[in-house]
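Before any comments, here is the structure.
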Amino acid sequence: MSDPTTAREAIALVTGGDFTELPTAEGPLKDDGPIGWPGYSESHARASARTGETESVVCGTGVVGGVPVVLISFEFRFLGGSLGERTGARAAAAHAVARARRLPVVVLPATGGSRMHEGMRALLQLQRLAGESAHTRAAGLPQLAVLRDPTTGGGWATLGAGSDVVLALPGAQVGFAGSRVRPPDADPAAYTAEAQLAHGHVDAVVPPAELRETLGRWLSLLTQPAEGPVSPPRGLGAPGTPPAESGREAVARARHPERPRAAAYLDALFTVREEISGDRCGGVDPGMRCGFGRLPDGRTVAYAAQCGTATLPAGFRTAARLVRLADRLAIPVLTLIDTPGAANDPAAERAGAGPSIADLFAAVASARVPVTSLLIGEGGSGGALALAAPGNLWATSDSYFSVIAPEAAASILKRPPEESGTTADQLRLRPRDLLDLGVVRGVV
């Protein structure tokens, strides 16, 4: 078991003790529950005596990193942290308090899933909790989960995986299938927080000693949005460099290995930042960095930044996830465009290159918050355009944007490779060309 092991230890770890439990009016369980499971009332009473709790979840309000929150923490020693009707009622009441007081929700799950002793009445709590989470989401309130050991079954598939940001403690067992219901030859390593992180289902694995600070940063970022559109960052290229004289020169500058990349722009713009990871569909793209950063004035901006590599379907889906989350939380978005194009190998096609690009186009087009885009390097066709804000795109002097890469254009036109430079000139892809064509608003 990963520390902390009890519901109240988990609460104390993230709040430092600043916690007020929500009242409950439950009496002793009678008649062996809704389906008359033999001995259930006695098992429930023994669990209460052993743990000092009256149910498998403790709910209340507290302060994490200076941000008031609602906390839902599971007690695994109480019948395996299982979800029964009373568990569902407590969690639902906690969500109602969060919406009434406009507070974020922090879930600290440690659960084996639905409670067998209550049959289908227990399983229905998954719908109930999913509905409460959806109502809280619609209210524009952030939901964060910290996965403890174990987080399996319906608890993972609702309050855990359904959260906006999912953190996990090292070594925690995380998966829909619990240890006793997996295939006999299943690799235990696949059911860990680290495996879920590698496959895009968890945003970060955080040691207990760092959890309060990390969670506090996340909460402060998600609750202090900047106002209005973000101004495009200043270009970080060499000052005084004259504009590119030709298309081939513009391409060469954008492809120069020492040109400033996304990391340099993010470091220059934000004082603090935290990143989400993964597309929640089994994929991670290290060439797409998405997260939330704090400006010098203390306000938060969401960002999605390409890092100069061919963008994978997982990268487009992660960026779409970021834009939709920022939109729901009323946080303006900045995108940094830098890719030779979308990955186009067989693996990318199998992973849904086209649908993932379409999804990002839709997310940007439908965003209600202002989106600002800066072209900082290569702008390779639709894989770059998917991240561009319509009507609010800017460019640096060491960038280019093209309907297709010059080499690919030459190939399509059946020109020899040595004519790709001439083709680049004809494509009018330089920053000054983009400004003349009305593609960008300005060159920074």
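Atom set for the values below is all heavy atoms of this structure, side chains included, hydrogens, waters and symmetry mates excluded. Note that the structure is predicted; figures quoted are calculated from it, not measured.
Put simply, the residue from L83, T151, V58 that forms a side chain to side chain contact (heavy atoms under 4.5 Å, CB included) with F74 is L83. Exactly one residue among R253, E378, R428 makes a side chain to side chain donor-acceptor pair (under 3.5 Å) with Y400. That residue is E378.
The backbone N or O of E245 sits less than 3.5 Å from a side-chain atom of E249, completing a donor-acceptor pair. With hydrogens and angles ignored, the 3.5 Å screen pairs a side-chain donor or acceptor of Q306 with a backbone N or O of D338. Under a 3.5 Å cut-off, the side chain of S373 and the backbone N or O of L387 do form a donor-acceptor pair. A donor-acceptor pair under 3.5 Å links the side-chain atoms of R280 to the main chain of G200, judged by distance alone. The backbone N or O of I404 lies less than 3.5 Å from a partner atom in the side chain of S402, making a donor-acceptor pair. Using modelled atom types, one side-chain atom of T15 and one backbone atom of G17 make a donor-acceptor pair closer than 3.5 Å. With hydrogens and angles ignored, the 3.5 Å screen pairs a side-chain donor or acceptor of D425 with a backbone N or O of G247. No donor-acceptor pair under 3.5 Å is formed between the side chain of T300 and the backbone N or O of P225. Side-chain atoms of E407 never come within 3.5 Å of backbone atoms of S420 as a donor-acceptor pair (strictly under, hydrogens ignored). At least one donor-acceptor pair under 3.5 Å links the side chain of R182 to the backbone N or O of A177.
For the atom pair CD1 of I357 and CG of L385, the computed distance is 10.0 Å after rounding to the nearest 0.5 Å. The distance from atom CG of D203 to atom CD1 of I276, rounded to the nearest 0.5 Å, is 6.0 Å. Atom-to-atom distance recorded for L167:CG and L215:CG is 6.5 Å, nearest 0.5 angstrom. One finds the CG atom of L159 at 9.0 Å from the OG1 atom of T111 (value rounded to the nearest 0.5 Å). Atoms CG and CZ, from L269 and R234 in turn, are 10.5 Å apart once rounded to the nearest 0.5 Å. How far OG1 of T87 is from CD1 of I72: 11.0 Å, rounded to the nearest 0.5 Å.
Counting all heavy atoms, side chain and backbone alike, S277 lies closest to L197 at OG-CD1, 4.2 Å. Smallest separation of non-hydrogen atoms from R441 and N392: NH1-OD1, 2.8 Å. Of all the heavy atoms in R415 and T423, the pair that sits closest is NH1-OG1, 2.9 Å. Of all non-hydrogen atoms in L129 and A92, the two that sit nearest each other are CD2-N, 4.4 Å. In plain terms, the two heavy atoms of V105 and A98 that are nearest each other are CG2-CB, 3.5 Å. Of all non-hydrogen atoms in A409 and L427, the two that sit nearest each other are CB-CD1, 4.4 Å.
V371 has its side chain within reach of T335: a pair of non-hydrogen atoms, C-beta onward, lies under 4.5 Å apart. Inter-residue side-chain proximity for V251 and L429 is flagged as met; some heavy-atom pair is nearer than 4.5 Å. Here the side chains of V439 and L393 are in contact, with some heavy-atom distance below 4.5 Å. Taking the side chain as every heavy atom from C-beta outward, F401 and V440 never approach each other to under 4.5 Å. Between V230 and V333 the shortest side-chain heavy-atom distance does not fall below 4.5 Å. Taking the side chain as every heavy atom from C-beta outward, L147 and V166 approach each other to under 4.5 Å. Two residues are said to be in side-chain contact when any heavy atoms from C-beta on lie closer than 4.5 Å; T61 and P68 fail this criterion. Taking 4.5 Å as the limit, every side-chain heavy atom of V69 sits out of range of all side-chain heavy atoms of L103.
The number of heavy atoms from other shown groups lying within 6.0 Å of CD (Q127) does not exceed 12. Heavy atoms from other residues, nucleotides or ligands lying under 6.0 Å from CD of E227 number 12 at most. Other residues, nucleotides and ligands contribute more than 12 heavy atoms inside 6.0 Å of the CZ atom of F361.
Counting only N and O atoms by type, the side chains of R317 and S356 include no donor and acceptor under 3.5 Å apart. Residues S82 and S56 have side chains that never bring a donor and an acceptor to within less than 3.5 angstrom of each other. Remark: the T5 side chain and the E9 side chain contain an N/O donor-acceptor pair separated by less than 3.5 Å. Remark: the S133 side chain and the Q143 side chain contain an N/O donor-acceptor pair separated by less than 3.5 Å.
A salt bridge links E21 and R8; the closest N-O separation between the charged side-chain nitrogens and carboxylate oxygens is under 4.0 Å. The pair R99-E132 counts as a salt bridge, with a side-chain nitrogen and a carboxylate oxygen less than 4.0 angstrom apart. Salt bridge annotation for E275-R289: present, with a cationic side-chain nitrogen under 4.0 angstrom from a carboxylate oxygen. A salt bridge does not link R321 to D164: none of the charged side-chain nitrogens sits closer than 4.0 Å to a carboxylate oxygen. In summary, R259 and D398 do not engage in a salt bridge, as defined by a charged side-chain N under 4.0 Å from a carboxylate O. Ion pairing of R324 with D359 is present here, as a side-chain N (NZ or NE/NH1/NH2) and a carboxylate O approach within less than 4.0 Å. Using a 4.0 Å cut-off between a side-chain N of Lys or Arg and a carboxylate O of Asp or Glu, R261 and D267 do not qualify as a salt bridge.
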Could you walk me through whether W394 and L375 pass the side-chain contact (heavy atoms from CB on, under 4.5 Å) test, one step at a time?
-> CA-CA 6 Å; W394 303 74; L375 176 66; over 6 Å; no

Go through the steps for H135 and H95 under the test side-chain contact (heavy atoms from CB on, under 4.5 Å), then give the verdict.
-> CA-CA 9 Å; H135 291 320; H95 270 274; over 6 Å; no

Mind running side-chain contact (heavy atoms from CB on, under 4.5 Å) on I337 and L374 for me, showing each step along the way?
-> CA-CA 6 Å; I337 300 168; L374 178 63; over 6 Å; no

CA sep, side-chain torsions, deciding dist, call: T24, R86, side chain to side chain donor-acceptor pair (under 3.5 Å) = CA-CA 10 Å; T24 60; R86 293 186 176 189; over 6 Å; no

Checking side-chain contact (heavy atoms from CB on, under 4.5 Å) for the pair T152/Y191: CA distance, chi angles, key distance, verdict?
-> CA-CA 9 Å; T152 60; Y191 302 85; over 6 Å; no

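Within the 6.0 Å centre-distance limit, the rings of Y303 and F270 are counted as a close aromatic pair.
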